[in-house]
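Notes follow the structure.
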Amino acid sequence: MREFRKKQARLKKIMNVLVIVTAVYLFAYIGVEPMLAKALPDWAVLIFGYLCDALVIGSLVVLFVYYSKYSKSDKYLKSIEDELSDIGYYYTAREERVIPAYYTAVKEDLLNNSFAINEDVVINELEFDCVAMKRNEFFYTVTLEETDKNDVLAYLDSVIYDITVNNLKRRGSGVLLFITDSAKDDAVALSKMITAMGKKEQIKVALAIVELSTGRCYFLGNTPTKCQQMIANFAMNCDTPIKDKFKGEERLPFQDDLEEHMKEFNIKDFRNGTFYAH
């Protein structure tokens with residue numbers, strides 16, 4: 001991924017320089033062209049015109065190459081870079097350390113912030129303790145004694161289905177919160193993943209796992225978004241930006257594994273849909 005990003009940066013620099021040079025030349029040429037026609041022979045004027053055409057065509061070619069090769073992967077790679085640069089975990093500000101009490105505290109804060117609450121909701125045969133909605137904000141809560149990767153993926157699929165099919169939403173920010181006594185490593189490895197939908201990523205769903213045995217909250221916390229704010233406010237009961245006292249100091253093993261895996265990234269597999277980060 002780093003080599004891919006280096007190539008992208010080089011081509012972007014070339015593109016920016018070429019576009020600026022072309023723009024300056026065009027403005028200058030348009031201004032002096034009548035004087036050139038009077039002062040120079042026709043063949044010299046033609047050379048200036050051909051140079052103008054060459055710069056425009058060259059700029060268009062470089063723009064096409066850059067955006068066809070790099071634009072679709074840019075947001076994807078940026079999301080991975082956010083996962084890698086984030087700290088491993090955060091500490092919840094809530095004092096409750098048993099699942100029922102913690103869940104009740106989250107639910108009451110959602111109610112106090114004008115969310116419409118539905119409890120014990122079944123979506124695709126999976127039971128959610130709470131589904132909270134307010135305009136284009138969605139907050140799904142699940143309580144499990146133990147949470148693993150399969151739980152995260154299954155509940156996430158149900159959340160996406162509920163937002164897009166059952167509620168016909170086309171934009172908004174959602175959070176899937178797991179309140180658990182123990183989070184398995186494979187579940188934690190998915191905690192910083194953001195699921196985006198729509199051509200312009202109008203819908204985003206973030207994951208958060210609160211592990212009560214350690215007081216940790218696993219989620220992507222270094223990107224200031226509505227999802228981050230909702231997790232901080234309701235899952236952790238703190239404000240944004242998140243204060244240092246709620247930040248862990250460790251980088252977790254799954255981040256090292258992800259960084260190693262991303263060395264295999266290539267644009268061909270990405271375009272074919274055969275490259276998966278998680």
Side-chain angles (χ1 to χ4, degrees), residues 1 4-5 8-9 11-12 15 63-86 90 115 123-124 128 131-141 149 152-178 187 189-209 217-235 240-242 254-255 258-259 261-262 265-278:
M1 182 177 71
F4 183 83
R5 282 301 213 183
Q8 179 185 7
L11 184 58
K12 187 173 184 179
M15 179 184 69
L63 281 167
F64 175 78
V65 171
Y66 180 84
Y67 284 104
S68 63
K69 186 172 183 179
Y70 295 109
S71 63
K72 290 184 179 180
S73 63
D74 194 50
K75 288 183 179 179
Y76 174 79
L77 293 178
K78 177 62 169 61
S79 67
I80 299 299
E81 288 165 348
D82 288 340
E83 291 188 43
L84 296 176
S85 61
D86 196 14
Y90 297 79
F115 277 82
I123 306 170
N124 290 348
F128 291 78
V131 174
M133 294 196 175
K134 182 174 69 173
R135 296 187 294 277
N136 289 326
E137 299 174 23
F138 328 113
F139 203 97
Y140 295 76
T141 305
K149 178 180 180 179
V152 173
L153 294 177
Y155 279 96
L156 179 60
D157 283 344
S158 294
V159 166
I160 293 170
Y161 180 85
D162 189 55
I163 292 173
T164 58
V165 178
N166 291 345
N167 290 285
L168 299 175
K169 297 292 186 179
R170 294 296 176 263
R171 63 178 63 252
S173 300
V175 171
L176 171 57
L177 169 65
F178 290 89
L190 300 178
S191 62
K192 297 185 183 297
M193 182 176 69
I194 304 294
T195 301
M197 292 164 284
K199 290 183 178 180
K200 297 183 179 180
E201 300 186 350
Q202 301 96 320
I203 297 177
K204 290 186 177 181
V205 179
L207 298 169
I209 302 174
C217 184
Y218 302 99
F219 76 106
L220 184 67
N222 63 345
T223 305
T225 62
K226 187 63 180 177
C227 294
Q228 181 218 42
Q229 180 186 350
M230 292 167 68
I231 293 171
N233 292 166
F234 303 121
T240 53
I242 300 172
F254 82 85
Q255 292 172 295
L258 177 60
E259 185 170 21
H261 173 60
M262 289 305 296
F265 176 85
N266 64 84
I267 194 65
K268 181 180 178 181
D269 290 344
F270 175 76
R271 286 176 173 173
N272 291 338
T274 57
F275 183 86
Y276 301 96
H278 300 93

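Keep in mind that the numbers below use all heavy atoms, side chains included, and drop hydrogens, waters and symmetry copies.
Remark: side-chain polar atoms of Gln228 are paired, donor with acceptor, to backbone N or O of Gly221 under 3.5 angstrom. Between the Lys192 side chain and the Phe219 main chain, a donor and an acceptor come within less than 3.5 Å of each other. Within the 3.5 Å criterion, the main-chain N or O of Leu177 finds no donor-acceptor partner in the side chain of Thr141. Using modelled atom types, no side-chain atom of Asn167 and backbone atom of Lys169 make a donor-acceptor pair closer than 3.5 Å. In this structure, the side chain of Glu83 does not engage the main chain of Gln255 through any donor-acceptor pair within 3.5 Å.
Annotation for Phe265 and Ser73: closest pair CZ-CB, 4.2 Å, computed over non-hydrogen atoms. Heavy atoms only, all atoms of each residue included: Tyr90 and Asn222 are closest at OH-N, 3.6 Å. Of all heavy-atom pairs spanning Gly174 and Cys227, the tightest one is O-SG, 3.5 Å. The two atoms that bring Leu258 and Ala277 nearest to each other are CD1-O, 3.5 Å, heavy atoms only.
To the nearest 0.5 Å, the span separating NZ on Lys226 from CD on Glu137 amounts to 4.0 Å. Going from atom CD1 of Ile123 over to atom CD1 of Ile163 covers 9.0 Å, rounded to the nearest 0.5 Å. A distance of 7.0 Å separates CG in Leu190 from CG in Leu207, rounded to the nearest 0.5 Å. We find the OG-CG distance between Ser79 and Asp74 to be 10.0 Å, quoted to the nearest 0.5 Å. Taking CE of Met193 as the reference point, atom CG of Leu153 lies at 6.0 Å (rounded to 0.5 Å). Between the CD1 atom in Ile231 and the SG atom in Cys217 there is a gap of 6.5 Å [rounded to 0.5 Å].
Residues that satisfy the ring pair (Phe, Tyr, Trp, His ring centres under 6.0 Å) test with Phe254, not counting sequence neighbours, are absent from this structure. In this structure Tyr218 satisfies the ring pair (Phe, Tyr, Trp, His ring centres under 6.0 Å) test with no other residue, sequence neighbours excluded. Every residue two or more places apart in sequence or in another chain that forms a salt bridge (charged side-chain N to carboxylate O under 4.0 Å, His left out) with Lys204 is listed here: Glu201. Considering only residues two or more places apart in sequence or on other chains, His278 meets the ring pair (Phe, Tyr, Trp, His ring centres under 6.0 Å) condition with none of them. Among residues two or more places apart in sequence or in another chain, the side-chain hydrogen bond (donor to acceptor under 3.5 Å, both in side chains) test is passed with Lys78 by Asp82. In this view, Tyr76 and Phe270 satisfy the ring pair (Phe, Tyr, Trp, His ring centres under 6.0 Å) rule, not counting sequence neighbours.
Partner of Asp162 under the side chain to side chain contact (heavy atoms under 4.5 Å, CB included) criterion, out of Tyr140, Phe138, Phe128: Tyr140 alone.
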Asn124 and Asp157: CA distance, side-chain angles, deciding distance, side-chain contact (heavy atoms from CB on, under 4.5 Å) verdict: CA-CA 9 Å; Asn124 290 348; Asp157 283 344; 5.9 Å; no

Derivation and outcome, side-chain contact (heavy atoms from CB on, under 4.5 Å), residues Ser173 and Thr225: CA-CA 9 Å; Ser173 300; Thr225 62; over 6 Å; no

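Within a 6.0 Å radius of NZ in Lys134, more than 12 heavy atoms belonging to other residues, nucleotides or ligands are found.
Aromatic ring centres of Phe275 and His261 lie closer together than 6.0 Å.
The closest side-chain heavy-atom distance from Thr240 to Pro224 is not below 4.5 Å.
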